[in-house]
Amino acid sequence: MPAAGLWITPVRGRAALSALAWTAGYVVGLVVVVLLGLLVANVVGTARPDTALLALVVLGGTAVAALLAVWVHLLRRRGLRWADVGLRAPERSPLHLLWQIPAVMAAGVAASMVVLIPLGAGQEGSDDALADLATGGPVFVVLGLLAVAVLVPVAEEVVFRGIVLPALRARFRAVPGIALAGAVFAAVHLIPPALPYLLVVGISLCVMAQWYRSIVPGIVLHGVNNAVVFAGIVAAGAT
């Protein structure tokens, strides 16, 4: 058996690039369909869909689209299993999450303070989709929580830790490979004020994926993090 911490996967090289390209295409395609739908609704004069509904469709839809692309264009095409992108039982006790979750989140907050306070920038990034869900009423709050704490973490961990990380680790040593994978994760969120926090979380999730040799614990941490952020937005909107 490979040494603990060694990330092994057949997903690398052209297979990884092709999967990522198809995933991006599916996600962008869904967003384009939503935008075209809004344009058509505006042209024909029908009522604009509720912003909370749109946010839910975009967040949940892009996550489902990403997973569908991975299944169709990577797993099924190449005869692989979900375990090959890290969805397998961890090789270390998940009880370590009891200290890892608060430690990673605290480190992210500390990094944000160190970087942003001297610059005079706010520590909180804006996410209009989450704000729309938080103010859409109880039903959208519950559905939004399921989307951001379950669907999105599963999709993002499959893509970033199940494909991007091993592809980079196949080309680089551990430290630069993990750092690059974490940086890609932070950058694609397109929330500049949150970059320090996202970079710490992204790198930590990469380290955890290698340490556990599974992305499942990372999904749990990712889900808890997103749930806490979403709960904070809901609480702020209620005051």
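All residue numbers in this chain count up from 1 along the given sequence.
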### Message
Assigning hydrophobic clusters by single linkage (Ile, Leu, Val, Met, Phe, Trp, Tyr; side-chain heavy-atom cutoff under 4.5 Å), is L95 placed with W211?
### Response
no
### Task
Could you check if a side-chain atom of L146 sits within less than 4.5 angstrom of a side-chain atom of L151, using non-hydrogen atoms only?
no
## Note on the structure
For Y197, the ring-ring contact (aromatic ring centres under 6.0 Å, His included) test, sequence neighbours excluded, returns none
### Task
Check whether any side-chain heavy atom of V224 sits under 4.5 Å from a side-chain heavy atom of L97, and report yes or no.
no
## Note on the structure
Closest non-hydrogen contact found for V11 with I163 is CG1-CG2, 3.9 Å
### Task
Go through the steps to decide whether W82 and L67 satisfy the test side chain to side chain contact (heavy atoms under 4.5 Å, CB included), and finish with yes or no.
CA-CA 10 Å; W82 286 105; L67 291 172; 4.3 Å; yes
#### Entry: Side chain proximity check, L54 to D132, heavy atoms < 4.5 angstrom
no
### Task
Kindly indicate whether the side chain of V216, heavy atoms from C-beta on, has any atom under 4.5 Å from the side chain of L87.
yes
### Query
Do I215 and V85 touch side chain to side chain, with heavy atoms closer than 4.5 Å?
no
### Message
Less than 4.5 Å apart, side chain to side chain, heavy atoms only: is that true for V104 and L205?
### Response
no
### Query
Got F185 and L165 here, is their nearest side-chain heavy-atom distance under 4.5 Å?
no
### Task
For residues 14-35, pull every pair meeting side chain to side chain donor-acceptor pair (under 3.5 Å), keeping only residues two or more places apart or in separate chains.
Y26-H73
### Task
Could you check if a side-chain atom of L130 sits within less than 4.5 angstrom of a side-chain atom of L59, using non-hydrogen atoms only?
yes
### Message
Counting the benzene-type ring for Trp, do F160 and H222 have ring centres under 6.0 Å apart?
### Response
no
### Query
V228, M113: one ILVMFWY side-chain cluster at the under-4.5 Å cut-off?
yes
